[in-house]
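Chain A is the first sequence line, chain B the second, and so forth, proteins listed ahead of strands; every chain is numbered from 1.
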Amino acid sequence: MSYQLPNFRHPELPVNELGYTRADYEGSISTLCAGCGHDSIAGAIVKAVHELSIPPHKIAKLSGIGCSSKSPAYFLGKSHGFNSVHGRMPSVATGAALANRDMIYLGVSGDGDTASIGMGQFAHAIRRNLNMVYIVMNNGCYGLTKGQDSATADEGSTSKKGDPNPFDAIDLPSLALNLGATFIARSFSGDKGQLVPLIKAAITHRGFAMIDVISPCVTFNNNPQSTKSYEFVREHAEATGTVDFVPMREEITTSYPPGSTAEVTMHDGSVLHLHKQEEGMDPFDRISAMNALEQHRARGDILTGLIYLDEDSRELHEVLETSQRPLNELDASDLCPGNRVLANINASLR
Amino acid sequence: MKPTDTSNPEYFHKVVDCQYACPAHTPVPEYIRLIAAGRYTDAYMINWVSNVFPGVLGRTCDRPCEPACRRGRLGGDEEPVAICRLKRVAADNKTGDDFRARLPKIPKKKNGKRIALIGAGPASLTVARDLMPLGYSIDIYDNQFAGGGMMRSQIPSFRLPIEVLDEEVDYILDTGVVTHFDTEVTSLQSILDKDYDAVFVGTGAPRGRDLNIPGRGEGADNIHIGIEWLASVAFEHRHQVGKRVLVLGGGNTAMDCCRTSRRLGGDEVRVVVRSPFADMKASPWEKEDAMHEDIPIFDNHTPKEFVIEGGKLAGMVFEKVEAEYDENGKRSLVPTGEDPVFMPADDVLIAIGQENSFPWIERDAGVEFDQWDMPVVDKDTFQSTNPKVFFGGDAAFGPENVITAVAHGHQAAVSIHLMCGGKDVAERPAPFTNLMSQKMGVHEWSYDNQVEDDPRYVVPLADKSKALADRKLEVELGFDKSTGFAEAERCLNCDVQTVFTEARCIECDACVDICPTDCITFTAPVEEEMLRTRLSAPAGNLAQDLYVSDVLPTTRVLVKDENVCLHCGLCAERCPTTAWDMQKFLYNVSLAGQ
Ligand SMILES: Cc1cc2nc3c(=O)[nH]c(=O)nc-3n(C[C@H](O)[C@H](O)[C@H](O)COP(=O)(O)OP(=O)(O)OC[C@H]3O[C@@H](n4cnc5c(N)ncnc54)[C@H](O)[C@@H]3O)c2cc1C
Ligand SMILES: Cc1ncc(C[n+]2csc(CCOP(=O)(O)OP(=O)(O)O)c2C)c(N)n1
Ligand code: SF4
Ligand code: SF4
Ligand code: SF4
Ligand SMILES: [Mg+2]
């Protein structure tokens, strides 16, 4: 077994604005099963962050427990990381985000970590519109504990060693929409063409950005009777449309026929192009998004792509009017403004 | 773009860059692995079968394999594997008795066919080596006192000790080849008249080019033709040279002339060449070796005249030029208009090229000559227009090198054997190939798939002052066993091929994600030119193939750019369905009788 990746890289790898190649955003060699979808998502994250020219130290990776939650070790090796308790990543993320608003918080979770043990935490992070990216590596099972059905497993879906699942699935995008998430997308680990721009858009979004990424567990849940297998997902995935992400600094060069495309300017000036959008579906409208999700679900299809985007999103810091500066930049005089300030406050309450 | 046909042996052959570039197609990575395993005699044997003179070539080969080596394409300061010097490690450490015991048996009963070989250089010796075990009776003619051709007369002892040459020449001659040394062949017809079943001409390119400019005649005593001068040194007719020596020319002969001069008393030896330094024909390492021995190289100097004073050579005058290239890249050397340069000299060695000359071949002996007075020789069969007469080595198409002479010799032997068996010489035997999985366990391979970062090891040299004092002292000391091991570990095992089976692929992207050098892409099937623009990493090296699969269920194809694949096996390790496998590809050129 090779525990080491060779040190050679392609000699002509492109460099980003910081002068870094993709190799500078890699993590250590994966110990996940060969063929695990989670590795592809890790690859997509590396590509997206490299292309966005984000300095690695500006990112904090946060995760819970599971094969998915292990995966931050395999990307962005030079970023910060916190591998928390099962299902508790959102509270760690909340604390971190409140303490330092200047960092990018990249949460990685599994369907077990999110939809079972972590459900409560997930719901409240959304409700508060915490400024973070929340990627669910969704394989419909508890991979790390050998493939038990999870709460996102579809009714009737059968894992490699299991019986048909008797319960209806929790659909995470529908749930997130219900809870008021401001950015919702779904994708597939085997479709980097779709996933990479979605990750970029999610990183640029101000507020809670969830991407539900179907990510087959090759070892326990990639059999023909499973609805989370590579083959099933490929056959049943239907994209809302395609998404192109144009970073703020780049000139827009592609042109689309009029009427076929919608443009969204993100808060940092980057532009999202949505084109070949599904007829009748408006990703800026919650009800339309909800309808589209339900209709596809009823047909047995999996709706992928950008599902919902709230352009007026106000993230937690804005809502709470917190300090503009990270807490670690505040000195004693900021934190203890002295008796006069206290007296003023007291006076205002009289 | 069509799916790659990997059943064509040339596809995987080409992936093994070094072996593909070797004129004799020596299975390089196979012998390098054996060296790493300490199996020196086995490593030597693989070389001996393929290139006949591993000890000689491990010191002197022109090594076309090395510029081709994949490691040289990995960027940064990465250099090729020291393939040539590893060959020497095998030769130095083999067990002689063990090797002799493995030599092919020579049949007691001859097959009744008689072959004449003219010239006893590497080309002819290879023909003898290949045909003796098949029962042929062979006569070899050479005007020198012993076998080896220019390996003996030209390549100086400080690069190739005579014992190394003797040993490998004797392996062949000792099989019962009948030698006619000190015998100048002055007539092809007289050989043909002896009723041989086939005649092989391996007489090399024995004439050194002269430089006819003013003063050449008057200075003749101190102006020498490089290859004649080297031969006279090798054969101990000449032991000295003047203190100030000018060597004209920029090829390997010039490098041997200047370095030999340093050993025969030349204190102030200069190489003077017309072309720019970078365009010189000599291999980079030979230039380095010369400069290491304090020999300056003056480029862009065109010789104008030999200056004679008091009836004796006093030096030479040169005109300074510079290279200009037209839009087709064709070079012309244009005078700069600067003052002519005078360089004093006691001796001048002219090393500006070699030519073929066949005064001894009657033009009515059935061998046709072309407009350049070269014999008309078939590039594959080495047969001339006289079906019984074959050419090889430098005699066939002009001066090359030892390994090319060996490669020609093998093919000529195949032709002679076909002809003597009444078969069509044009029907060449297919190469022997074998493709075998290296999988030992889920994540275990039978080759060492870890890629080492070590920079290329440098061969240690003998102390310079000692080397310059003794013409016969070998300069290079060779790698010791442990350095040989470390250098061998640098080899990427390019013969262990990545083999893809469409039917098993589930398009999970695991191979794409893990590949350290971004070789793999799933994309829509389009024409190659377009395809090359759509891959995971730049794919601009058109000399390297794209391995393209059949169309997969998603209507995409898998494309692997062979260019900088490390053969690390990680794609196969990460593949959940073994759609990728690492398989060792053996490719052996078929020799006579195989
Ligand atoms: C100075 C110098 C250095 C070189 N260094 C290298 C090196 O480091 N590495 C390398 O790979 N190559 C080197 N070469 C080239 C290499 O030596 C030749 O390419 C190679 O030896 C050619 O082999 P061959 O069998 O064709 O003929 P040769 O080796 O030339 O042998 C031909 C033989 O035939 C004999 N002969 C010729 N005519 C007759 C005749 N009419 N009757 C009888 N005998 C005859 C010649 O005397 C000679 O012995 C060097 C060449 C020179 C000149
Ligand atoms: C508090 C707690 N309860 C249970 C476990 C056991 N456990 C480990 S991983 C896991 C499920 C992980 O599933 P998921 O989040 O979908 O990750 P996957 O391995 O499928 O990627 C469970 C239940 C635990 N580690 N901690
Ligand atoms: S068990 Fe499943 S989820 Fe975990 S690493 Fe293996 S394939 Fe991936
Ligand atoms: S790395 Fe090894 S096998 Fe590959 S070209 Fe170089 S010497 Fe040959
Ligand atoms: S062997 Fe496979 S993983 Fe390794 S460099 Fe080659 S294609 Fe990439
Ligand atoms: Mg899971």
Practice problem: Verify the neighbour count for atom CG of B:Asp453: are there more than 12 heavy atoms of other residues, nucleotides or ligands below 6.0 Å? | Solution: yes

Practice problem: Please lay out, stage by stage, how A:Arg22 and B:Asp518 fare under the test side-chain contact (heavy atoms from CB on, under 4.5 Å). | Solution: CA-CA 10 Å; A:Arg22 198 156 62 230; B:Asp518 297 295; 2.8 Å; yes

Self-check item: Closest-packed option against chain B by number of heavy-atom pairs under 4.5 Å, given A:Gly193, A:Pro6, A:Gly43
Solution: A:Pro6

Quiz item: Considering only heavy atoms, which portion of A:Tyr230 lies under 4.5 Å from any heavy atom of chain B: side chain, backbone, both, or neither?
Solution: side chain

Quiz prompt | For the student: nearest non-hydrogen atoms of B:Glu452 and A:Phe8, plus distance | solution = O-CE1, 3.8 Å

Self-check item: Value rounded to 0.5 Å, distance of NE2 in A:His10 from CZ in B:Arg73
Solution: 10.0 Å

Quiz item: Is the closest basic N to carboxylate O distance between A:Asp39 and B:Arg574 below 4.0 Å?
Solution: yes

Exercise. Could you please state which residues from residues 505-513 of chain B sit under 4.5 angstrom from chain A, measuring non-hydrogen atom to non-hydrogen atom, sorted by number, or 'none'?
Key: B:Ile506, B:Glu507, B:Cys508, B:Asp509, B:Ala510, B:Asp513

Practice problem: Measure A:Arg234 against the heavy atoms of chain B and call it side chain, backbone, both or neither at under 4.5 Å. | Solution: side chain

Self-check item: Interatomic distance, A:Ile29 atom CD1 to B:Glu573 atom CD [nearest 0.5 angstrom]
Solution: 7.5 Å

Exercise. Just jot down the side-chain contact (heavy atoms from CB on, under 4.5 Å) partners of B:Cys84, sequence neighbours excluded, or say none.
Key: B:Cys61, B:Arg63, B:Glu66

Self-check item: Choice from B:Leu74, B:Thr554, B:Val442 maximising heavy atom contacts with chain A below 4.5 Å
Solution: B:Leu74

Quiz prompt | Portion of A:Cys36 that has a non-hydrogen atom of chain B nearer than 4.5 angstrom | solution = neither

Exercise. For B:Phe522, enumerate each residue passing the ring pair (Phe, Tyr, Trp, His ring centres under 6.0 Å) test, keeping only those at least two apart in sequence or located in another chain.
Key: none

Practice problem: Report the C-alpha separation of A:Val218 and B:Thr577 in whole Å, then their side-chain angles, then the decisive distance to 0.1 Å, and conclude whether the side-chain contact (heavy atoms from CB on, under 4.5 Å) test is met. | Solution: CA-CA 10 Å; A:Val218 274; B:Thr577 62; over 6 Å; no

Practice problem: Could you please state which residues from residues 523-551 of chain B sit under 4.5 angstrom from chain A, measuring non-hydrogen atom to non-hydrogen atom, sorted by number, or 'none'? | Solution: B:Ser536, B:Ala537, B:Pro538

